[in-house]
Amino acid sequence: MEENDPKNYRVVEESEDELYAKIKELKTCLADAIDDQDQVAEGDALSFLGLAYYRLGDYTTAKEYHEKHLALSQELKDEKSERRAHGNLGCIFKITGDLAKAREHLMAALNIAKQRDDKRPLAKIYNNLGNIYEMEMNYEEAINCNKERLAVAKELKDQNGTGKALANLGNLNHVLGNLDESIAFYEEMLDILRAKLTAFFFSILNRNSRHFGRRGIQLGRRRRFCRY
């Protein structure tokens, strides 16, 4: 499948015109899938259309496509797609301010991810739930979600996810006045940042060393043929 095939659509940095062109292609894919009675392809097209409209800020249309995707996934008993649809709907309701509905969908996604032991989606769902609880000023639940996210991120050896969870936990504990815990989380986050900076420094150093090493060889070869 080609990288730009709409059936393999992913949300990336695209202009508004590119998104509208992608939507046109996806609608063709959706019509083809319906004609072919390919419900798996139909579900993918519905999901990707929802994501495209989400990127455009058309949350009403995005919600309609994700709701259709959810209904189809439930009909097919496709738990992975159902979890994805619930997660996408949770994000839409979160951004439109209906936090209770967002929580409802994200909890449904969380239960499916737990049953399937899907670690990466689990981390994202905990992150979104933590954001919602923080918006509701339910800081204790927000901390619990971020601790769960931290545990999953560490299990996956996800350095970026671990760092973000630690930062959130530092912030939340600071708000609650748990200064010792806040400092401990920040210090652990700083250790990760230092490790990333060190790795980045050495990658640059190694790249430059290889570059100058090759230039040294080339210069040496040139000198061999020089006549003064």
According to a 4.5 Å side-chain heavy-atom criterion applied to Ile, Leu, Val, Met, Phe, Trp and Tyr, with indirect links allowed, do Phe185 and Leu172 form part of one hydrophobic cluster?
yes
Got more than 12 heavy atoms from elsewhere within 6.0 Å of NZ, Lys94?
yes
Mind running salt bridge (Lys or Arg N to Asp or Glu O under 4.0 Å) on Lys154 and Glu188 for me, showing each step along the way?
CA-CA 12 Å; Lys154 285 183 173 180; Glu188 191 176 348; 2.8 Å; yes
Could you see if Tyr65 belongs to whatever hydrophobic cluster contains Leu89? Use Ile, Leu, Val, Met, Phe, Trp, Tyr and a side-chain cutoff under 4.5 Å.
no
Nearest heavy atoms of His66 and Ser47, plus distance in Å
CE1-O, 3.4 Å
Taking Ile23 as the starting point, is it possible to reach Tyr59 by hopping between hydrophobic residues whose side chains are less than 4.5 Å apart?
no
Quick check against the 3.5 Å criterion: does Thr162 have a side-chain atom that pairs as donor or acceptor with the backbone of Asp158?
yes
Measure the shortest side-chain to side-chain distance between Val40 and Asp78 over non-hydrogen atoms and say whether it is less than 4.5 angstrom.
no
As a quick check of understanding, evaluate side chain to side chain contact (heavy atoms under 4.5 Å, CB included) for Phe201 and Thr198, giving each step before the final call.
CA-CA 5 Å; Phe201 171 77; Thr198 300; 5.6 Å; no
Any side-chain heavy atom of Lys68 within less than 4.5 Å of one from Glu42?
no
Separation of Asn144 CG from Leu169 CG (nearest 0.5 Å):
9.5 Å
Could you give the distance from CD (Glu14) to CG (Asp17), rounded to the nearest 0.5 Å?
11.0 Å
Cluster question for you: counting only ILVMFWY and a side-chain heavy-atom cut-off of under 4.5 Å, with indirect links fine, are Tyr53 and Ile95 together?
no
How close do Gly170 and Ser182 get, heavy atom to heavy atom, and via which atoms?
O-OG, 2.7 Å
In this structure, are over 12 heavy atoms from other groups packed under 6.0 Å from Asp180 atom CG?
no
Least distance between heavy atoms, Gln159 atom then Ala195 atom:
NE2-CB, 4.2 Å
Check: Met137 and Val175 side chains under 4.5 Å, non-hydrogen atoms:
no
Distance check, rounded to the nearest 0.5 Å: Arg55 atom CZ versus Lys22 atom NZ?
11.5 Å
Between Leu72 and Gln39, what is the shortest heavy-atom contact and its length?
CD2-O, 3.4 Å
Rounded to the nearest 0.5 angstrom, the CD1-CG distance for Ile192 and Leu166 is 5.0 Å
Hey, what do you get for NE2 (His86) to CD (Glu79), rounding to the nearest 0.5 Å?
10.5 Å
How many angstroms lie between CG in Asn171 and CG in Leu176, if you round to the nearest 0.5 Å?
11.5 Å
For Leu106, run the side chain to side chain contact (heavy atoms under 4.5 Å, CB included) check against Asn127, Asn111, Leu129 and tell me which one passes.
Leu129
I'd like to check Arg194 versus Asp191 (side-chain heavy atoms, cut-off strictly below 4.5 Å). Are they in contact?
yes
Quick check: do His105 and Ile92 have side-chain heavy atoms less than 4.5 Å from each other?
no
From CA spacing to verdict: side chain to side chain contact (heavy atoms under 4.5 Å, CB included), Asn168, Arg149
CA-CA 10 Å; Asn168 288 341; Arg149 182 196 181 191; 3.7 Å; yes
When the ring centroid of Tyr139 is compared with that of Tyr133, is the distance short of 6.0 Å?
no
Is any side-chain heavy atom of Leu190 closer than 4.5 Å to a side-chain heavy atom of Leu193?
yes
Ile125 and Ala113: which non-hydrogen atoms are nearest, and at how many Å?
CD1-CB, 4.0 Å
Would you say Ile143 ends up clustered with Met107 if hydrophobic residues are merged whenever their side chains have heavy atoms under 4.5 Å apart, either directly or through other cluster members?
no
Test item: Ile183 and His174 side chains (from C-beta on) under 4.5 Å apart, heavy atoms:
no
Heavy-atom donor-acceptor pair, Asn88 side chain to Arg84 backbone, under 3.5 Å:
yes
Sub-3.5 Å donor-acceptor pair from the side chain of Asn178 to the main-chain atoms of Glu181, do we have one?
no
Are any non-hydrogen side-chain atoms of Tyr20 and Leu56 less than 4.5 angstrom apart?
yes
For Gly161 against Ala153, the heavy-atom pair lying closest together
C-CB, 3.8 Å
